[in-house]
K.L.:
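I am attaching a structure below and will ask some questions about it afterwards.
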Amino acid sequence: MPRIAILLSILIALGGAPAHAQEAQRSEVAEAANALRGKVVAWRRDIHQHPELGNREVRTAALVANHLRSLGLEPTTGIATTGVTAVLKGGKPGPRIALRADMDALPVTERTDVPFASTVTTTFRGETVGVMHACGHDAHVAILMGLAEALVAMRDELPGEIMFLFQPAEEGVPQGEVGGAKEMLAQGVFETFKPDAVFGLHVGSALNVGQISVRPGPMMAASDSFEITVNGRQTHGSRPWNGVDPIVAAADLVSTAQTIVSRRTDITRLPAVVTFGAIKGGIRHNIIPESVELIGTIRTFDEGMREAIFADLRNVSEHVAAAHGATVEATIPLDHNYPVTANDPGLTARMMPSLEKAVGTGNVIDPGLITGAEDFSFFAREVPGLYFFVGATPQGVDATTAPSNHSPEFYLDEGALDVGLRAMLQVALDYLDGEVEG
Ligand SMILES: [Zn+2]
Ligand SMILES: [Zn+2]
């Protein structure tokens with residue numbers, strides 16, 4: 001075999017780029033991935049076994065901060081409760097980037113049979129619940145810890161500066177608290193260090209290990225919840241004319257709200273979703289109640305459509321209720337919502353070759369629009385952002401039926417750690433070097 005073919009086959013044997021990769025991975029990426037593989041797996045297992053809910057990531061944050069200190073960095077801790085950042089200054093002048101990982105777990109009782117499965121329980125909304133890294137944020141933390149170690153080792157040759165950004169509470173905050181990306185920004189993370197670009201990744205069951213998915217522009221939806229109370233006038237169920245029936249008004253409201261997407265939204269441009277998740281009203285078969293409460297969620301992919309749907313839903317609520325002689329109190333939207341997660345088109349085009357180098361050209365796919373939401377969107381609203389998915393389902397297993405993120409059976413093939421580290425390292429180095437390809 002010629003030398004290059006031997007080298008390539010060694011890379012493949014080490015879990016490197018597939019044979020059809022058009023361009024070779026940077027050698028420092030392959031070296032770092034090989035050197036760090038064992039450590040990243042060990043960190044991930046440790047974090048997996050000790051999951052913590054949003055704004056409670058105390059142990060995880062300490063693990064991160066200690067690691068960053070051991071690398072000679074000076075982390076800032078306690079940002080937005082448990083957030084940690086550290087800046088690495090390269091030996092040469094260059095751009096500034098931020099690499100982000102989320103640290104929180106979910107109130108899910110683990111049902112996998114991995115030896116490091118979580119047995120942690122905690123109290124959530126007054127109930128005892130299991131805690132599990134069912135969204136794979138344990139992998140994100142371990143990958144970013146590995147990236148920090150890899151980049152510190154390259155420090156002297158590195159152009160520019162890198163912020164490692166470990167954030168709490170991506171999945172939301174306990175009632176009455178603030179947190180997550182929004183709060184980290186409110187506390188000034190991008191004021192002291194304004195990056196030229198921010199990068200994030202997410203492991204996902206919908207792809208097999210060795211696949212990455214990404215798309216330019218809107219990728220994940222804005223998520224906005226709402227609350228509507230329809231107020232009528234309570235009376236006997238046998239004599240509705242003596243009162244105002246909020247149940248009929250609420251039923252009409254739910255039906256009419258379906259026309260917001262189907263009749264008033266240009267669905268050829270982008271889709272939207274309006275869902276009522278709960279209706280509560282009444283106590284007894286022969287009492288027309290005083291009021292009915294409705295709650296739900298709105299998903300959109302464009303700020304203009306988002307605002308238009310808020311206005312439409314307020315309008316429908318008020319006027320449908322009025323037609324029934326009822327009144328409404330509508331909070332549309334409620335707090336703690338996420339904007340659209342959109343990838344900067346120029347940045348996405350520029351970094352696509354880097355992702356392809358990491359997994360091979362045919363393995364970077366378009367996920368389509370995803371109606372789930374992500375609070376990386378707050379960072380990507382401040383500076384150009386790129387967010388991509390890394391496959392977590394073992395090769396040979398049907399990713400369309402694998403237990404999804406948030407499932408108690410969510411299973412991460414640890415090959416995803418290697419892919420995530422290589423992809424993000426390649427992206428970071430190519431960006432800092434100012435390589436413009438493709
Ligand atoms: Zn999640
Ligand atoms: Zn997640």
Side-chain angles (χ1 to χ4, degrees), residues 44 47-48 51-57 60-61 64 80 82-83 99-112 118 120 122 124 129-145 165-174 179-184 198-207 212-214 219-225 277 297 299 336-343 367 369-380 385-393 399 402-414 416-417 419-420 423-424:
R44 183 259 161 171
I47 299 164
H48 190 88
E52 297 167 303
L53 293 181
N55 277 5
R56 304 288 181 271
E57 308 90 335
T60 312
V64 166
T82 59
L99 307 179
R100 172 269 202 176
D102 40 8
M103 304 191 287
D104 54 326
L106 287 162
V108 171
T109 303
E110 180 153 4
R111 282 206 314 256
T112 72
S118 164
V120 174
T122 191
F124 181 71
V129 292
V131 186
M132 176 190 177
H133 267 294
C135 203
H137 299 183
D138 50 340
H140 306 167
V141 176
I143 289 169
L144 191 53
M145 286 169 72
L165 204 167
F166 295 86
Q167 78 150 80
E170 190 284 323
E171 303 280 3
V173 291
K182 191 181 180 182
E183 185 58 20
M184 286 194 91
V198 59
F199 298 98
L201 61 74
H202 205 300
V203 294
S205 68
L207 300 169
I212 282 176
S213 72
V214 68
M219 183 164 77
M220 297 180 79
S223 166
D224 296 283
S225 49
T297 187
R299 304 297 164 109
H336 302 306
N337 298 314
Y338 292 175
V340 179
T341 304
N343 284 323
L369 292 169
I370 297 163
T371 47
E374 193 13 276
D375 87 344
F376 180 81
S377 49
F378 288 107
F379 296 124
L386 178 65
Y387 186 79
F388 57 90
F389 293 98
V390 172
T393 293
S404 70
N405 296 53
H406 290 209
S407 154
E409 283 152 28
F410 173 67
Y411 175 78
L412 178 107
D413 182 319
E414 287 173 338
L417 301 170
V419 174
M424 195 57 99

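Quick note: numbers below take in every heavy atom, side chains included, and nothing from hydrogens, waters or symmetry partners. Indexing begins at 1, ligand by ligand and atom by atom, following the structure's order.
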K.L.:
Closer than 2.8 Å to the Zn ion (ligand 2), what protein N/O/S atoms do you find?
P.N.:
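Hits for the Zn ion (ligand 2) below 2.8 Å: Cys135 SG, His137 NE2, His202 NE2.
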
K.L.:
Checking side chain to side chain contact (heavy atoms under 4.5 Å, CB included) against Met220, which of Ile370, Asn343, Val340 comes through?
P.N.:
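Answer to the side chain to side chain contact (heavy atoms under 4.5 Å, CB included) test with Met220 among Ile370, Asn343, Val340: Ile370.
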
K.L.:
With the Zn ion (ligand 1) as the reference point, give the N/O/S atom of His406 that is nearest.
P.N.:
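Within His406, restricted to N, O or S, the Zn ion (ligand 1) is closest to atom NE2.
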
K.L.:
Would Glu409 and Ser407 count as a side chain to side chain donor-acceptor pair (under 3.5 Å) if you check the C-alpha gap in whole Å, the side-chain angles of each, and the deciding distance to 0.1 Å?
P.N.:
CA-CA 5 Å; Glu409 283 152 28; Ser407 154; 4.8 Å; no

K.L.:
Using modelled atom types and a 3.5 Å cut-off, is there a donor and acceptor pairing between side-chain atoms of Glu52 and backbone atoms of Thr60?
P.N.:
yes

K.L.:
Rounded at 0.5 Å granularity, tell me how far NE2 in His133 sits from CG in Leu412.
P.N.:
11.5 Å

K.L.:
Just verifying a value: how many Å separate Asn337 CG and Asp224 CG, rounded to the nearest 0.5 Å?
P.N.:
4.0 Å

K.L.:
Determine whether Glu170 and Tyr338 satisfy the following criterion, side-chain contact (heavy atoms from CB on, under 4.5 Å), listing intermediate values before the conclusion.
P.N.:
CA-CA 10 Å; Glu170 190 284 323; Tyr338 292 175; 3.7 Å; yes

